[in-house]
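Chain A is the first sequence line, chain B the second, and so forth, proteins listed ahead of strands; every chain is numbered from 1.
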Amino acid sequence: MEVTLSDDQEFFRETTLRFLTDKSEPDSLRSLQADAHGFDREYWRQGAELGWTSLLISEDHGGGSISGSGVVDMSIVADAFGRHAASGPLISTNVVAAAIDKTGSEAQVADNLDGFISGERIGAWCLSEPAPNDGLGAVTSSALTATADDGNYRLSGVKGPVEAGAQADVLLIVGNTDGAPTQFLVDPTTDGVTIRPLESVDMSRRFAAIEFDDVVVGSDAVLGEVGGARGAIERQLHIACMMQVAEMVGAAERVFDMTVEWAFDRYSFGRPLASYQELKHRFADMKMWLEASHALGTALASELGADSPSTAETASVAKAYCGHYLGELMQDCVQMHGGIGLTSEHDLHLYFRRVAANRATYGTAADHRRRIAAGRLEPGTESEMAA
Amino acid sequence: MSEVESVESFAERSRLWLADSMPRVDPDAYIHGLGSDEAELAFVDRQRQLQRVLFDGGFAGICFPAEYGGQGLSAAHQNVFNIECVGYQMPALINVPTFVPCGAVLLEFGTEEQKQKHIPSMLKGEKLWMQFLSEPSGGSDVAGALTTAVRDGEEWLLNGSKVWTTGAWWSDMGLCLVRTNWDVPKHRGLSVFIIDIADPNIDVQRIEMLNGSREFCQEFLTDVRVPDSDRVGEVDDGWTVGRRWMFHERNAMGGGSPLVSGPGVGHGGAGSGVDPSLVITEAMGRTDDPVALDLIGESLMLRRAATELTKRVGEGMASGAVSDTSAAITRLMNGVVMARNWTIHAELAGSAAVAWESEGPLDGVGVNYLMRQSNSIAGGTVEMARNNISERVLGMPRERTLDKDVAFRDVPKGPPASR
Ligand SMILES: Cc1cc2nc3c(=O)[nH]c(=O)nc-3n(C[C@H](O)[C@H](O)[C@H](O)COP(=O)(O)OP(=O)(O)OC[C@H]3O[C@@H](n4cnc5c(N)ncnc54)[C@H](O)[C@@H]3O)c2cc1C
């Protein structure tokens with residue numbers, strides 16, 4: 001159920017859903033599984049025309065929103081993406097776009113944003129790192145080092161999983177300069193950058209590990225302040241969480257509805273499954289998780305859109321809650337389907353995969369629970385907490 | 001005022017008035033239900049006084065109609081007041097069950113005379129109300145009430161027993177669901193009456209709960225005479241009233257009723273102030289323990305999720321996007337979140353939830369753990385909420401029952417309850 005959309009937003013939502021119903025139906029998703037890129041560039045350009053990549057870019061830079069809050073509009077697109085397990089680098093491109101829009105130099109804006117808006121250009125945010133630096137605490141105290149060297153910077157380290165890492169035209173890298181975070185915009189074809197595609201649970205999105213072996217970049221690659229990226233990284237993380245949560249809610253609602261329908265149609269012992277109290281009660285719990293998740297997604301989008309100081313905690317609450325309970329919801333839906341729920345031929349897994357991917361990237365539920373606690377114990381320091 | 005005051009102006013006016021008129025929350029305040037009878041009565045009196053201050057200040061019954069002493073304002077006004085009043089002493093005890101469900105039921109089904117007579121005295125804190133629903137024979141199947149009213153001219157004679165009423169011994173009035181016809185199916189033979197608890201033919205007995213509280217009561221009604229003018233709704237049509245009564249109760253339990261005024265249901269946390277999970281962790285010196293951080297995060301997460309869910313469902317019901325049956329979703333959430341949070345508190349307290357110093361932040365954590373299920377039972381159980389969600393929100397088939405289309409007299413019943 002949607003309780004808070006304006007007419008413009010409702011129209012935007014319907015347009016997006018109609019497009020995706022056409023372009024991202026189960027058969028085309030299945031055919032993407034063997035595709036190395038995981039999405040079609042022409043499809044992405046059409047999506048960009050619908051506004052998928054301009055909502056988090058200010059009007060000055062050629063972007064714009066539907067409703068006045070680009071963040072809320074973006075949550076509508078992300079919800080539709082989840083509902084259709086849609087392909088394409090939605091989160092990564094938009095996070096990079098928002099970052100450049102906020103602190104990019106004139107040249108960085110000119111080089112990137114028009115391309116993002118038209119759908120020609122794809123961005124990837126290189127935030128996460130492999131174990132033992134895979135917790136959220138490591139996010140802002142990156143193990144990838146960026147050492148100043150005669151006006152240039154030398155990047156060394158590994159990032160991954162990076163969404164759309166092998167498809168991107170520009171990489172936004174979180175690095176560590178003398179113990180403080182700095183972000184760099186780097187061309188993936190630069191010498192010393194090695195990109196290795198990873199296997200993943202998501203059928204219609206691709207992840208990569210990216211190695212930086214003494215990669216030399218000029219100071220013009222720095223986005224924002226050297227050593228001063230903490231706030232920007234936090235905000236980007238909140239955007240990513242907001243989009244992940246909306247996607248998870250969309251995917252979970254689709255599978256929940258599908259499973260309710262199944263419970264009415266499937267009979268055992270002469271009765272529909274929906275008549276067994278044990279199963280009815282589990283449906284009631286799932287409905288509660290789903291509505292609470294939806295409510296948290298709404299709260300997060302509205303706080304993030306308004307730049308509220310409580311956004312950090314709300315982002316972690318939403319991610320921790322949805323990461324845990326929507327994962328459980330998906331598993332329960334598999335269980336209610338019985339054997340067919342574990343097959344490739346059934347559509348359930350298409351959407352389950354999106355929840356499985358989102359729940360453990362940009363912080364697991366446990367990472368976010370600890371952030372909530374740390375934020376309360378030492379207000380203002382949640383981003384520095386060790387994993 | 002001919003124009004409705006804007007929400008912003010009301011918030012501002014509330015803020016100033018509260019600062020001037022209401023006492024701040026006292027961290028060492030008496031905990032309701034756990035002291036001597038004198039302390040308990042003093043606490044109840046205090047609640048009445050606080051309500052009177054609100055009434056005199058023009059802040060009682062924000063969403064109650066003005067003609068019955070309320071302010072006639074919107075849920076949005078109540079919401080901002082709920083935010084402004086955090087940190088002040090509020091008469092939570094009077095809000096549930098006096099305003100909701102009892103007041104809400106009167107507003108919906110009471111005669112003009114009943115509303116004129118009872119709503120203002122509720123809002124002034126003069127009369128505290130109880131709901132007489134549950135019986136020794138069962139509370140979930142509330143329409144299976146055995147307590148009976150027989151007509152005697154312009155009066156009715158009530159006989160039977162009601163139970164699990166919290167605080168009936170210091171309350172004034174009750175809304176009572178009784179059977180008026182045993183020869184028709186269960187739901188078609190019920191009626192609702194207003195009763196005066198001081199009636200000498202109502203014997204109020206107290207029951208000790210496992211945390212030592214003696215607030216639980218049982219009432220024995222023996223030939224209690226009630227005038228027909230105290231009947232709410234039609235004779236034998238009490239279930240029409242009862243269904244809405246249950247809705248108002250669930251809505252109050254889930255924290256979604258605009259007729260409830262105050263900082264909101266706690267979901268197992270402090271209504272205001274520092275969350276108990278943080279207080280306990282600090283008292284135990286566990287602030288560096290990652291397991292403790294995980295539990296604190298979970299506890300805060302659950303509270304927030306419950307709050308946002310209540311908001312969403314409340315907005316959905318207010319706009320008509322979802323039906324009122326959705327109140328069962330918040331009711332379920334409130335029950336499970338409270339239960340989990342009181343477990344988390346006990347987990348954080350470790351052995352101090354078993355044996356503790358009588359003063360200090362760890363006092364009561366272990367007993368709360370024993371009482372953990374209370375919010376999953378009170379106000380209709382979480383199982384009944386799950387039945388409601390699956391059957392009335394999702395439209396799944398009803399459970400098979402053996403009490404349809406037979407005279408209530410012939411419905412199978414268990415042996416008489418031991419109470
Ligand atoms: C703190 C507190 C305050 C209360 N205050 C009041 C009050 O002021 N006024 C009042 O009238 N009552 C009050 N109650 C009573 C409360 O409403 C009942 O206890 C509750 O409705 C359950 O009824 P019961 O205790 O008879 O249990 P039962 O109805 O006998 O139920 C026992 C168990 O069986 C389960 N069950 C029963 N039927 C079904 C079914 N169809 N499907 C699945 N599970 C089922 C229940 O969920 C429960 O777990 C209060 C209770 C508490 C704990």
*Asks:* On a heavy-atom basis, which atom in B:P397 and which in A:P272 lie closest, and how many Å separate them?
*Replies:*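 Closest heavy-atom pair between B:P397 and A:P272: CG-CG, 4.3 Å.
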
*Asks:* Can you check whether A:Y325 reaches B:M301 side chain to side chain, under 4.5 Å on heavy atoms?
*Replies:*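 Yes - at least one pair of side-chain heavy atoms lies under 4.5 Å apart.
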
*Asks:* What pair of heavy atoms forms the shortest contact from B:P290 to A:R370, and how long is it?
*Replies:*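 Closest approach of B:P290 to A:R370, heavy atoms only: O-CD, 4.0 Å.
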
*Asks:* How about B:D288: does its CG atom have over 12 heavy atoms from other parts shown lying under 6.0 Å from it?
*Replies:*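 No, CG of B:D288 has 12 or fewer neighbouring heavy atoms, counting only those of other groups under 6.0 Å.
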
*Asks:* Under a 4.5 Å heavy-atom cut-off, does chain A meet the side chain of B:N387, its backbone, both or neither?
*Replies:*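 Both backbone and side chain.
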
*Asks:* In terms of heavy-atom proximity below 4.5 Å to chain A, should B:E282 be classed as side chain, backbone, both, or neither?
*Replies:*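 Only the side chain of B:E282 comes within 4.5 Å of chain A.
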
*Asks:* Which pair of non-hydrogen atoms, one from A:F264 and one from B:L394, has the smallest distance, and what is that distance?
*Replies:*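 For A:F264 and B:L394, the tightest heavy-atom pair comes out as CZ-O, 3.6 Å.
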
*Asks:* Can you tell me how far apart CZ (B:R386) and CD (A:E278) are? Round to the nearest 0.5 Å.
*Replies:*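 One finds 10.0 Å between CZ of B:R386 and CD of A:E278.
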
*Asks:* Is chain A contacted by the side chain of B:R400, its backbone, both, or neither, given a heavy-atom distance below 4.5 Å?
*Replies:*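 It is neither, since no heavy atom gets under 4.5 Å.
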
*Asks:* Do A:M288 and B:V336 come close enough that some side-chain heavy atom pair is under 4.5 Å?
*Replies:*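 Yes, at least one pair of side-chain atoms sits under 4.5 Å.
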
*Asks:* Minimum heavy-atom separation for B:D294 and A:A366, please, with both atom names.
*Replies:*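 That would be OD2-CB, 4.1 Å.
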
*Asks:* Between A:R376 and B:V274, is a side-chain contact (heavy atoms from CB on, under 4.5 Å) present by the stated rule, with each step listed?
*Replies:* CA-CA 9 Å; A:R376 287 287 184 104; B:V274 183; over 6 Å; no

*Asks:* Tell me, side chain or backbone of B:V382 under 4.5 Å from chain A's heavy atoms, or both, or neither?
*Replies:*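 For B:V382, there is no contact with chain A at all, as no heavy atom is under 4.5 Å.
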
*Asks:* What heavy-atom pair brings A:I372 and B:G297 nearest, and what distance separates the two atoms?
*Replies:*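 In this case the closest contact between A:I372 and B:G297 is CD1-O, 3.8 Å.
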
*Asks:* Salt bridge or not for A:K280 and B:E399, using N-O below 4.0 Å?
*Replies:*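 Salt bridge between A:K280 and B:E399, a charged N being under 4.0 Å from a carboxylate O: yes.
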
*Asks:* Nearest 0.5 Å, what's the CD1-CD distance between B:I389 and A:E291?
*Replies:*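 That separation rounds to 10.0 Å.
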
*Asks:* At what distance, to the nearest 0.5 angstrom, does NZ of A:K287 lie from CD1 of B:I329?
*Replies:*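 Rounded to the nearest 0.5 Å, the NZ-CD1 separation comes out at 5.0 Å.
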
